[in-house]
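To start, the structure under review is shown below, and the notes come after it.
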Amino acid sequence: MKSPKISIIIPVYNVEKYLRQCLDSVVNQTMPEIEVICIDDGSTDGSGAILDEYAARDSRIHVIRQPNQGVGVARNLGIQQSSSPYIAFLDSDDTYEPTLCEKVYRFAEQSGADIVRFRYQKMDGTKLLDRTFISEKEDTCLRRCQIIYSGGPNVWSKLWRRDFVLENQLCFPNWQDGEDMYFAMHGAVVAKKLCLLQDVLYNYRVRENSLTATHTTDYLGKIQSFQTTLQKMLECGCSEQTYYWYLESFFPSFYTSSQYFPRNTWKQCQQIRLNICKEYWDLLEQGKLNVSYEASLWLLSIGSSSPFHRGVYRLKWWKCLLANLFVKRLIPHSGWLQSVLDTINDQRLEIERLKNNEKS
């Protein structure tokens with residue numbers, strides 16, 4: 001058999017109901033030059049026996065077993081064991097279209113892309129990901145991150161060039177939630193070229209206990225994963241526009257979900273969020289970001305965890321913005337805006353202090 005062109009990494013954990021359909025979709029690919037790396041992550045059902053059965057019939061399937069450590073650790077092991085020029089991921093309850101490997105490999109070779117993004121659909125036939133093309137002029141850090149995130153920041157709707165993954169040390173953290181976001185955003189920031197293939201090639205099964213659909217109640221872990229992803233993007237030199245887009249897109253969600261934070265982690269979550277606000281402002285003051293003060297006012301205005309207080313401070317933000325529009329030509333320096341920011345921040349902290357006193 002010829003050398004494999006794509007290594008398909010499949011983490012497996014207690015999916016005997018869907019595993020045969022998943023493996024059938026792989027072994028029946030129209031491009032036979034593949035290797036299939038299945039990591040049995042401590043399954044306790046019949047998944048292991050099914051893997052052994054398929055591996056005995058098809059030499060392209062390799063089964064690796066490990067104690068249950070999570071999907072991130074399993075995928076990292078698969079990357080280490082891979083030997084093909086390209087890497088693809090497949091959740092063990094999902095399926096590939098028969099031509100996926102053939103089409104994405106040919107497209108990757110022709111385009112020279114580090115990452116190829118393709119379309120996917122739910123098992124009921126609902127197609128996901130809008131028809132957005134990326135041109136040479138649009139291939140910026142911000143645009144790549146937006147494309148990676150469109151339809152969800154998963155890793156299985158992409159083909160990854162293996163040398164690119166290894167050279168940039170892309171890996172999955174061992175988290176309950178957010179590991180796909182971390183890997184995908186890291187890749188988007190450091191990629192030299194990302195291309196979109198408009199074919200629908202992946203079938204995503206929506207079920208309550210699937211790898212992708214499972215949402216953790218570890219809210220402290222969620223907000224820590226957000227901060228760690230943000231730090232990784234900065235370390236990799238993301239543009240200031242990308243930095244702000246990430247904050248704008250994801251940071252507010254942690255505030256709107258504050259009511260769900262358990263009492264025993266609320267203060268920790270709040271402190272992390274305040275640290276992110278401070279980090280943003282410090283970078284702005286150091287001249288590392290070219291973002292408007294209006295945008296900074298907006299970010300700091302969402303610092304309250306109460307919907308009522310958010311409304312109050314959003315109103316203050318509008319007032320400050322309108323005032324800025326009127327006085328910008330009269331006051332050419334940022335002292336007035338700095339005093340506004342200080343006032344808003346002091347009032348926000350006072351409200352949080354009062355809230356903490358009420359709880360205690």
Side-chain angles (χ1 to χ4, degrees), residues 6-11 37 70-82 84-91 100-101 104-105 107-109 111-120 128-129 132-134 136 138-175 177-197 201-202 204 211-212 225-247 249-250:
I6 297 179
S7 297
I8 302 170
I9 299 171
I10 310 176
I37 304 173
V71 62
V73 174
R75 285 173 174 162
N76 287 337
L77 181 57
I79 292 173
Q80 294 171 11
Q81 297 297 320
S82 65
S84 307
Y86 295 95
I87 293 172
F89 298 98
L90 172 62
D91 283 358
L100 184 147
C101 290
V104 295
Y105 175 80
F107 188 75
E109 288 289 282
S111 63
D114 294 320
I115 308 171
V116 173
R117 173 76 155 96
F118 48 87
R119 302 179 72 205
Y120 66 98
L128 303 178
L129 180 61
T132 306
F133 289 90
I134 187 167
E136 292 290 333
E138 291 175 327
D139 194 3
T140 62
C141 179
L142 173 60
R143 189 61 177 145
R144 288 194 301 272
C145 287
Q146 291 173 332
I147 292 296
I148 284 286
Y149 182 75
S150 61
N154 58 70
V155 296
W156 38 254
S157 63
K158 293 97 181 167
L159 182 73
W160 307 81
R161 188 166 59 81
R162 183 173 179 272
D163 287 346
F164 161 76
V165 171
L166 297 180
E167 288 167 6
N168 292 281
Q169 300 180 350
L170 269 64
C171 64
F172 294 91
N174 189 18
W175 296 339
D177 193 14
E179 69 281 343
D180 277 28
M181 171 77 79
Y182 180 88
F183 188 99
M185 288 303 171
H186 182 185
V189 170
V190 298
K192 292 183 173 61
K193 189 171 186 180
L194 180 150
C195 291
L196 275 169
L197 178 61
L201 299 171
Y202 190 101
Y204 162 55
L211 292 174
T212 304
S225 71
F226 169 85
Q227 185 182 38
T228 306
T229 302
L230 181 66
Q231 290 171 344
K232 173 56 72 173
M233 293 172 68
L234 287 171
E235 290 172 8
C236 296
C238 74
S239 66
E240 59 268 18
Q241 294 91 347
T242 307
Y243 180 93
Y244 177 61
W245 166 80
Y246 185 75
L247 285 172
S249 301
F250 305 106

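- Glu179 and Pro173 get closest at one heavy-atom pair: CB-O, 3.6 Å.
- Residues Leu170 and Phe164 are in side-chain contact: their nearest non-hydrogen atoms beyond the backbone lie under 4.5 Å apart.
- Across Ala184 and Asn154, no two heavy atoms sit closer than the pair CB-O, 4.3 Å.
- Atom CG of Leu142 is separated from atom CD of Gln146 by 4.0 Å, given to the nearest 0.5 angstrom.
- Of the candidates Phe89, Phe118, Tyr120, Phe183, Tyr120 is the only one forming a ring-ring contact (aromatic ring centres under 6.0 Å, His included) with Trp156.
- How far SG of Cys238 is from NE2 of His186: 11.0 Å, rounded to the nearest 0.5 Å.
- At least one side-chain heavy atom of Met185 sits under 4.5 Å from a side-chain heavy atom of Cys145.
- Note that CG of Leu100 and CD1 of Ile8 are 7.5 Å apart. Values are rounded to the nearest 0.5 Å.
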Residues Arg119, Ser157; criterion side chain to side chain donor-acceptor pair (under 3.5 Å); working and verdict: CA-CA 7 Å; Arg119 302 179 72 205; Ser157 63; over 6 Å; no
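- Taking both residues in full, the closest heavy atoms of Cys195 and Ala113 are given as SG-CB, 3.9 Å, listed atom of the first, atom of the second, then distance.
- The distance from atom CG of Leu234 to atom OG1 of Thr242, rounded to the nearest 0.5 Å, is 10.0 Å.
- In summary, Asp180 and Lys158 do not engage in a salt bridge, as defined by a charged side-chain N under 4.0 Å from a carboxylate O.
- Side-chain contact between Phe172 and Val71 is absent, with no heavy atoms from C-beta onward closer than 4.5 Å.
- Residues Ser82 and Arg162 meet the side-chain proximity criterion, which asks for heavy atoms closer than 4.5 Å.
- Taking 4.5 Å as the limit, every side-chain heavy atom of Tyr204 sits out of range of all side-chain heavy atoms of Asp91.
- Annotation: side-chain contact (heavy atoms from CB on, under 4.5 Å) contacts of Asp163 (sequence neighbours excluded): Arg161, Glu167.
- In this structure, Ser111 and Leu197 have side chains that are not in contact, with every pair of non-hydrogen atoms separated by 4.5 Å or more.
- Trp160 places none of its side-chain heavy atoms less than 4.5 Å from the side chain of Ile79.
- Closest of all the heavy-atom pairs between Cys101 and Ile6 is O-CD1, 3.7 Å.
- The CG atom of Asp114 sits 11.0 Å away from atom CG of Leu159, with the distance rounded to the nearest 0.5 Å.
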Could you walk me through whether Arg144 and Ile115 pass side-chain contact (heavy atoms from CB on, under 4.5 Å), step by step? CA-CA 10 Å; Arg144 288 194 301 272; Ile115 308 171; over 6 Å; no
